[in-house]
Number of protein chains: 2
Amino acid sequence: MHRKLPHPNLYLREEELRRGIELLYFAYRDFTQDPDKILADTGLGRAHHRVLYFVGRSPGTTVSGLLKLLRITKQSLSRVLGQLVDDGYIEQQAGMTDRRQRLLYLTEKGDAFEKQLFSTQRERVAQAYKTAGPEAVAGFWEVLLNIVNETERETVLRAIEK
Amino acid sequence: MHRKLPHPNLYLREEELRRGIELLYFAYRDFTQDPDKILADTGLGRAHHRVLYFVGRSPGTTVSGLLKLLRITKQSLSRVLGQLVDDGYIEQQAGMTDRRQRLLYLTEKGDAFEKQLFSTQRERVAQAYKTAGPEAVAGFWEVLLNIVNETERETVLRAIEK
DNA sequence: ATATTTAAGTCAGCTTTATTGACATATTAA
DNA sequence: TTAATATGTCAATAAAGCTGACTTAAATAT
């Protein structure tokens with residue numbers, strides 16, 4: 001009985017890869033919980049938050065821009081976006097050059113709410129940046145960016161396209 | 001009309017914080033897509049993957065250990081775990097010291113499937129580590145760990161408790 | 001000018017993954 | 001013996017996604 005052990009280097013490598021996977025999972029889990037708590041009191045959910053976030057980040061983005069960015073279907077976005085418009089968080093304007101487009105903007109109410117949601121995550125991330133230091137932050141960005149699909153890294157850096 | 005501009009340092013800070021938030025969102029989105037593709041052909045989903053992952057990572061973990069780690073309800077886990085047991089991916093053994101406990105283990109089939117799912121993420125993360133370099137990886141870990149709830153950092157480092 | 005494509009929206013039905021609440025059983029601990 | 005714990009189960013509900021089919025209005029291409 002002669003069990004071949006994995007090569008020490010490969011073993012170490014696997015451990016490091018699993019550590020990254022786990023940290024990504026747990027950090028994501030905890031980092032979404034702060035806004036989720038606030039959202040729970042409003043009848044909105046995480047999906048609404050994402051739309052508020054990216055419309056706030058790129059005012060005037062179009063419906064199809066959001067669809068590509070969030071990688072969800074029109075029907076899924078429709079419900080979420082419809083509620084946000086109905087509840088007065090988001091305004092739509094017909095595009096000037098292409099009047100089929102619906103350009104999306106936060107209302108004042110939407111902007112205030114987005115800021116409130118952001119502030120919870122801001123605090124968490126700011127604390128993490130501060131504790132880890134600027135070099136660690138640079139590494140954090142670099143690794144995350146390389147985890148993103150190669151074809152979409154540009155888009156991510158510009159936050160949103162179109 | 002005298003609009004007060006935000007202080008440049010705060011502005012920069014906000015941009016950096018938003019960049020972290022966005023990278024975390026997009027990296028997580030893309031990093032889950034590889035296993036999701038495989039899972040789609042099997043009738044299992046992301047929830048099953050998480051259970052397979054952590055049982056594989058900590059053989060002999062208990063149901064309540066998983067509940068705390070994944071932070072879901074017993075009823076949610078029940079369905080997922082039940083399917084995994086029924087389909088022969090996971091085996092349960094009564095605890096030796098406490099016979100109420102169900103200790104969880106991957107079967108050979110479960111182990112093989114977990115390896116297959118892991119391999120897709122392994123490739124993505126390994127490429128990111130390689131491109132970014134070891135110092136960046138250290139920063140990546142450190143920032144992510146500090147984003148995790150303080151009370152659970154120990155647990156995360158040990159991958160799973162109990 | 002007409003035909004095609006595009007941007008957006010809608011209706012209907014389904015799936016996955018989570019929730020709350022109530023209760024049951026076996027086992028351990030006080 | 002009683003109380004607490006670990007697990008399991010029934011039932012109903014919600015959030016957020018999906019596919020497929022179709023409509024309307026506007027822009028583009030032929």
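Residue numbers start from 1 in every chain, and the chains themselves are labelled A, B, ... in the order their sequence lines are given, proteins ahead of strands.
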query = CZ of B/R79 versus C1' of C/dT16: gap in Å, rounded?
reply = 7 Å
ask   = Taking the six-membered ring for Trp, are B/Y28 and A/Y28 parallel (under 30°), tilted (30 to 60°) or perpendicular (over 60°)?
value = parallel
query = Under 4.0 Å between a side-chain N/O of A/R100 and OP1 or OP2 of C/dT6, yes or no?
reply = no
query = What integer distance in Å separates B/Q33:CD from D/dG17:P?
reply = 16 Å
task = Measure up the A/Y129 and A/F140 rings against each other and bin them: parallel (under 30°), tilted (30 to 60°), perpendicular (over 60°).
result = perpendicular
request  = Compare side-chain N and O positions of B/Q92 against OP1 and OP2 of D/dG8 and report whether any pair is under 4.0 Å apart.
outcome  = yes
inquiry  = To check you understand the geometry: which heavy-atom pair defines the closest contact between A/N146 and A/E142, and what is its length?
reply    = ND2-O, 2.8 Å
ask   = Among C/dT19, C/dT17, D/dT7, which is the nearest nucleotide to the side chain of B/I72?
value = C/dT19
request  = Check B/L103 against B/G60 and note the closest heavy-atom contact, atom names and distance.
outcome  = CD2-O, 3.6 Å
ask   = OP1 or OP2 of D/dA15 sitting under 4.0 Å from any side-chain N/O of A/H48?
value = no
inquiry  = Output the rounded distance in Å from CE (B/M96) to C1' (C/dT27).
reply    = 16 Å
request  = Decide if the gap between the ring center of B/F54 and the ring center of B/F118 is smaller than 6.0 angstrom.
outcome  = no
inquiry  = Assuming nearest nucleotide by heavy-atom distance, tell me which of A/V80 and A/T97 is located more 5' along DNA chain D.
reply    = A/V80
task = Would you mind reading off the distance between A/K74 atom NZ and D/dT23 atom C1', rounded to a whole angstrom?
result = 10 Å
Rounded distance in Å - CD (B/Q93) to C1' (D/dT7) = 16 Å
ask   = Taking atom P of D/dA4 as reference, at what distance in whole Å does atom CZ of B/R99 sit?
value = 22 Å
query = Closest to the A/A47 side chain: D/dA27, C/dT19, D/dA16?
reply = D/dA16
task = Please check the phosphate of D/dG8 (OP1 and OP2 only) for any side-chain N or O of B/S78 closer than 4.0 Å.
result = no
query = Quick one: B/L103 CG to D/dT7 P, roughly how many Å, whole number?
reply = 8 Å
Distance in angstrom units between A/D86 CG and C/dT10 P, rounded = 10 Å
key: B/T73 side chain near C/dT19 phosphate (N/O to OP1/OP2, under 4.0 Å)   = yes
ask   = Taking only N and O in the side chain of B/R46, is any of them less than 4.0 Å away from OP1 or OP2 of D/dG17?
value = no
inquiry  = Please confirm whether the shortest side-chain N or O distance from B/S64 to OP1 or OP2 of D/dT5 is below 4.0 Å.
reply    = no
query = Checking only heavy atoms, does the side chain of A/Q75 share a donor-acceptor pair with the base of D/dG20 at less than 3.5 Å?
reply = yes
